[in-house]
Amino acid sequence: MPLLFSYGTLQQEGVQRSTFGRLLEGEADALVGYAQTMVRIEDADVVAKSGKAHHPIVAHSGRDADRVSGTVFEITEAELAAADAYEVDAYKRVSAPLASGRRAWVYVDARGAPESLLPFGRTQREAPDEGSRR
């Protein structure tokens, strides 16, 4: 099953219920090499689900010391597709390293997403190392 890392609204109970139809169970972790800012959300449906017009967004910094705290969730492929539908065009889903040593899908700033990271749209065979621990 895919791993999804959230540092923002996908951690909210209401967003999970409306996006996935259930509450997700996850573990605290941190995204390595990214810095967090905020982005204004124009999509009325997303604002209604989250209750917020500004959402956190992360950009690759390339510095291992930069960390963004959040939660890693194990979800289904259908739930990953639902998360893709929830996120607005400001975000791009990539595979990224976590402090735990795992890799997970994460939504990052689409304007600065490094080309070396795995963009979504790849085949399952190319997805991040799902569930492995080091």
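All figures in this text were calculated on a predicted structure; none of them were measured in a lab. Residue indices begin at 1 and follow the sequence shown.
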Self-check item: Path from Val32 to Ile57 over hydrophobic side-chain contacts below 4.5 Å
Solution: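 Cluster IDs for Val32 and Ile57 differ.
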When rounded to the nearest 0.5 angstrom, what is the spacing between [atom1] in [X] and [atom2] in [Y]?
{"X": "Phe5", "Y": "Ser95", "atom1": "CZ", "atom2": "OG", "result": "13.0 Å"}
{"X": "Asp43", "Y": "Ile41", "atom1": "CG", "atom2": "CD1", "result": "8.0 Å"}
{"X": "Leu3", "Y": "Leu98", "atom1": "CG", "atom2": "CG", "result": "7.5 Å"}

Which atom names give the shortest non-hydrogen contact between [X] and [Y], and what distance separates them?
{"X": "Ser69", "Y": "Tyr7", "result": "O-CB, 3.6 Å"}
{"X": "Gly8", "Y": "Pro56", "result": "CA-CG, 3.9 Å"}
{"X": "Val72", "Y": "Ala104", "result": "CG2-CB, 4.2 Å"}
{"X": "Asp66", "Y": "Ser61", "result": "OD2-OG, 2.7 Å"}
{"X": "Ala96", "Y": "Val106", "result": "CB-CG1, 3.6 Å"}

Exercise. Please test Glu87 against Lys92 for salt bridge (Lys or Arg N to Asp or Glu O under 4.0 Å), starting from the C-alpha separation and ending with a verdict.
Key: CA-CA 8 Å; Glu87 295 295 350; Lys92 176 181 181 180; over 6 Å; no
Under 4.5 Å between any side-chain heavy atoms of [X] and [Y], yes or no?
{"X": "Val108", "Y": "Tyr34", "value": "yes"}
{"X": "Leu10", "Y": "Leu4", "value": "yes"}
{"X": "Met1", "Y": "Ile75", "value": "no"}
{"X": "Pro2", "Y": "Glu74", "value": "no"}
{"X": "Lys52", "Y": "Gln12", "value": "yes"}

Check whether any side-chain N or O of [X] sits under 3.5 Å from a backbone N or O of [Y] as a donor-acceptor pair, and report yes or no.
{"X": "Ser100", "Y": "Asp29", "value": "no"}
{"X": "Gln16", "Y": "Leu24", "value": "yes"}
{"X": "Asp109", "Y": "Val58", "value": "no"}
{"X": "Arg67", "Y": "Asp64", "value": "yes"}

Exercise. Specify whether Tyr91 and Tyr107 have parallel, tilted or perpendicular ring planes, treating 30° as the upper limit for parallel and 60° as the lower limit for perpendicular.
Key: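 Taking Tyr107 first and then Tyr91, their aromatic rings stand perpendicular (interplane angle over 60°).
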Quiz item: Is Glu27 paired with Arg102 through a side-chain N to carboxylate O contact shorter than 4.0 Å?
Solution: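 Yes, charged N to carboxylate O under 4.0 Å.
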Exercise. Report the C-alpha distance between Thr19 and Glu79 in whole Å, list the side-chain angles of each, state the deciding distance to 0.1 Å, and finish with yes or no for side-chain contact (heavy atoms from CB on, under 4.5 Å).
Key: CA-CA 8 Å; Thr19 304; Glu79 289 168 334; over 6 Å; no
Exercise. Please assess Thr9 against Tyr86 for the test side-chain hydrogen bond (donor to acceptor under 3.5 Å, both in side chains), listing each intermediate value before the final yes or no.
Key: CA-CA 10 Å; Thr9 61; Tyr86 168 77; 2.7 Å; yes
Practice problem: Please report the C-alpha distance between His54 and Val39 in whole Å, then the side-chain angles of each, then the deciding distance to 0.1 Å, and finally whether the side-chain contact (heavy atoms from CB on, under 4.5 Å) criterion is met. | Solution: CA-CA 5 Å; His54 289 84; Val39 64; over 6 Å; no
